[in-house]
Amino acid sequence: MTATRIDGKVFAAQVREQVARHVATLKDQHAITPGLAVVLVGEDPASQVYVRSKGKQTVEVGMKSVEHRLDADTSEAELLALIAHLNADDSIHGILVQLPLPGHLNEDLVINAIDPAKDVDGFHISNVGLLGTGQKSMVPCTPLGCLMLLRDHHGSLSGLSAVVIGRSNIVGKPMAQLLLGDSCTVTIAHSRTRDLRDVVRQADIVVAAVGRAQMVPGDWIKPGASVIDVGINRIEAPEKGAGKTRLVGDCDYDSCAQTAGAITPVPGGVGPMTIACLLANTVTACCRANGLDEPKGLTA
Ligand code: GUN
């Protein structure tokens with residue numbers, strides 16, 4: 001069997017179009033422009049790339065984009081003051097503080113200072129609790145993107161067995177909650193899981209989010225299963241020339257595609273969905289803040 005390739009690039013473009021349509025309606029009918037503020041502390045090169053991309057896509061869908069770039073030695077008090085300012089700004093509906101923060105800043109303290117209604121990352125402890133208890137919340141972007149891809153492929157996920165490999169707060173845990181919310185039977189596997197191969201092999205849905213290049217081989221995958229690969233790992237690629245590298249996922253694409261029914265590639269799978277879902281969350285937050293109907297299909 002050769003798996004269906006789930007094209008996250010195409011799907012993310014559709015999500016952005018849907019967001020752009022909703023933004024246009026908010027402007028035309030209510031004179032409201034959704035606003036997203038992104039805060040970057042320091043000069044981590046990967047974070048700078050992400051933040052630039054977020055700003056560009058925010059503007060492309062018609063929303064207001066505000067970027068705050070702070071020095072690496074910014075104090076916690078200064079950062080908290082900026083967040084308080086953004087919390088109070090009615091033209092800002094979403095606030096994202098790019099992680100990781102420099103070591104002297106307490107990430108939990110900073111994230112929990114964001115107004116939960118503007119927490120478009122879904123990392124605030126209130127949103128984590130709301131998601132865990134099946135209540136309306138802001139949902140972390142990467143797991144939301146994975147859920148959208150799975151729903152699109154399967155229709156209903158009810159009764160399917162799902163294994164999430166990885167237990168991070170950003171992906172693994174919220175992913176498991178979302179799958180449970182869609183009535184999957186969910187297992188969270190991690191680095192201490194015994195007989196990981198056997199655990200993965202009984203799953204109809206595998207979400208790999210561990211950050212280890214190509215660690216899941218095709219013979220771990222149940223025939224016909226859906227494989228969602230969240231990993232983005234850079235490895236050496238001597239076949240492309242000396243010193244060259246390429247991106248791979250946490251799953252070995254070629255062998256997994258032989259067994260799976262559907263699989264996301266890396267790059268071009270889950271990756272593009274994350275920013276698309278950030279835009280979706282911002283428009284959702286804007287609608288909620290103004291007591292308006294939320295766009296359908298863009299939330300969990
Ligand atoms: N750094 C890597 N991924 C993310 C994300 O989804 N949100 C934030 N705030 N920082 C990140």
Could you walk me through whether Arg246 and Glu239 satisfy the salt bridge (Lys or Arg N to Asp or Glu O under 4.0 Å) test, starting with their C-alpha distance in whole Å, then the side-chain angles of each, then the deciding distance to 0.1 Å, before giving a yes or no? CA-CA 10 Å; Arg246 67 187 176 105; Glu239 73 281 4; 3.3 Å; yes

Please walk me through it: do Met63 and Gln57 pass side chain to side chain contact (heavy atoms under 4.5 Å, CB included)? CA-CA 9 Å; Met63 301 200 291; Gln57 293 188 34; over 6 Å; no

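- Here the options are Gln98, His68, Lys56, the test is side chain to side chain contact (heavy atoms under 4.5 Å, CB included), and the partner is Val51; only Gln98 passes.
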So Glu294 and Lys296, salt bridge (Lys or Arg N to Asp or Glu O under 4.0 Å) or not? Walk me through it. CA-CA 6 Å; Glu294 298 170 20; Lys296 294 203 169 45; over 6 Å; no

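- Annotation: side chain of Ile95 is in contact with side chain of Asn87 (closest heavy-atom distance under 4.5 Å).
- When all heavy atoms are compared, the tightest approach of Leu150 to Leu157 is O-CD2, 3.7 Å.
- Put simply, the side chain of Cys287 does not reach to within 4.5 Å of the side chain of Asp293, judged on heavy atoms.
- Of the candidates Val120, Val19, Leu144, Val120 is the only one forming a side chain to side chain contact (heavy atoms under 4.5 Å, CB included) with Leu278.
- A salt bridge between Asp219 and Arg197 is present, with a side-chain N of the basic residue lying under 4.0 Å from a carboxylate O of the acidic one.
- For Ser255 and Gln258, the side-chain atoms include no donor-acceptor pair closer than 3.5 Å.
- In this structure, Glu67 does not pair ionically with Arg52, as no charged nitrogen and carboxylate oxygen lie closer than 4.0 Å.
- A side-chain N or O of Ser91 and one of Lys64 form a donor-acceptor pair less than 3.5 Å apart.
- Looking at Asn169 and Phe123, their side chains never come closer than 4.5 Å, going by heavy atoms from C-beta outward.
- Checking His154 against Ser226 by side-chain atom types alone, a donor-acceptor pair falls below 3.5 Å.
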Side chain to side chain contact (heavy atoms under 4.5 Å, CB included) assessment of Glu76 paired with Asn106: CA-CA 8 Å; Glu76 208 159 75; Asn106 179 332; 3.3 Å; yes

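- The environment of CG in Asp90 is sparse: at most 12 heavy-atom neighbours from other residues, nucleotides or ligands sit within 6.0 Å.
- Donor-acceptor pairing under 3.5 Å is recorded for the side chains of Gln202 and Ser161.
- Using a 4.5 Å heavy-atom threshold, the side chains of Val270 and Asp229 count as separate.
- For Asp198, the CG atom is densely surrounded, since the number of other residues' heavy atoms within 6.0 Å is greater than 12.
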Do Val230 and Val207 pass the side chain to side chain contact (heavy atoms under 4.5 Å, CB included) test, and can you show the C-alpha distance, the side-chain angles, and the key distance before you say yes or no? CA-CA 7 Å; Val230 181; Val207 180; 3.9 Å; yes

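- Side-chain contact between Val206 and Val200 is present, with heavy atoms from C-beta onward closer than 4.5 Å.
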Full working for side chain to side chain contact (heavy atoms under 4.5 Å, CB included) between Leu131 and Ser137: CA-CA 6 Å; Leu131 178 62; Ser137 66; 3.8 Å; yes

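- Residue Glu43 qualifies as open at atom CD: its count of foreign heavy atoms under 6.0 Å is 12 or below.
- Residues Asn233 and Arg212 fail the side-chain proximity criterion, which asks for heavy atoms closer than 4.5 Å.
- Looking at heavy atoms from C-beta onward, Cys286 lies in side-chain contact with Ile32 at the 4.5 angstrom threshold.
- Side-chain contact between Ile232 and Pro267 is absent, with no heavy atoms from C-beta onward closer than 4.5 Å.
- When the shell of 6.0 Å around CZ of Arg194 is examined, it contains 12 or fewer heavy atoms from other residues, nucleotides or ligands.
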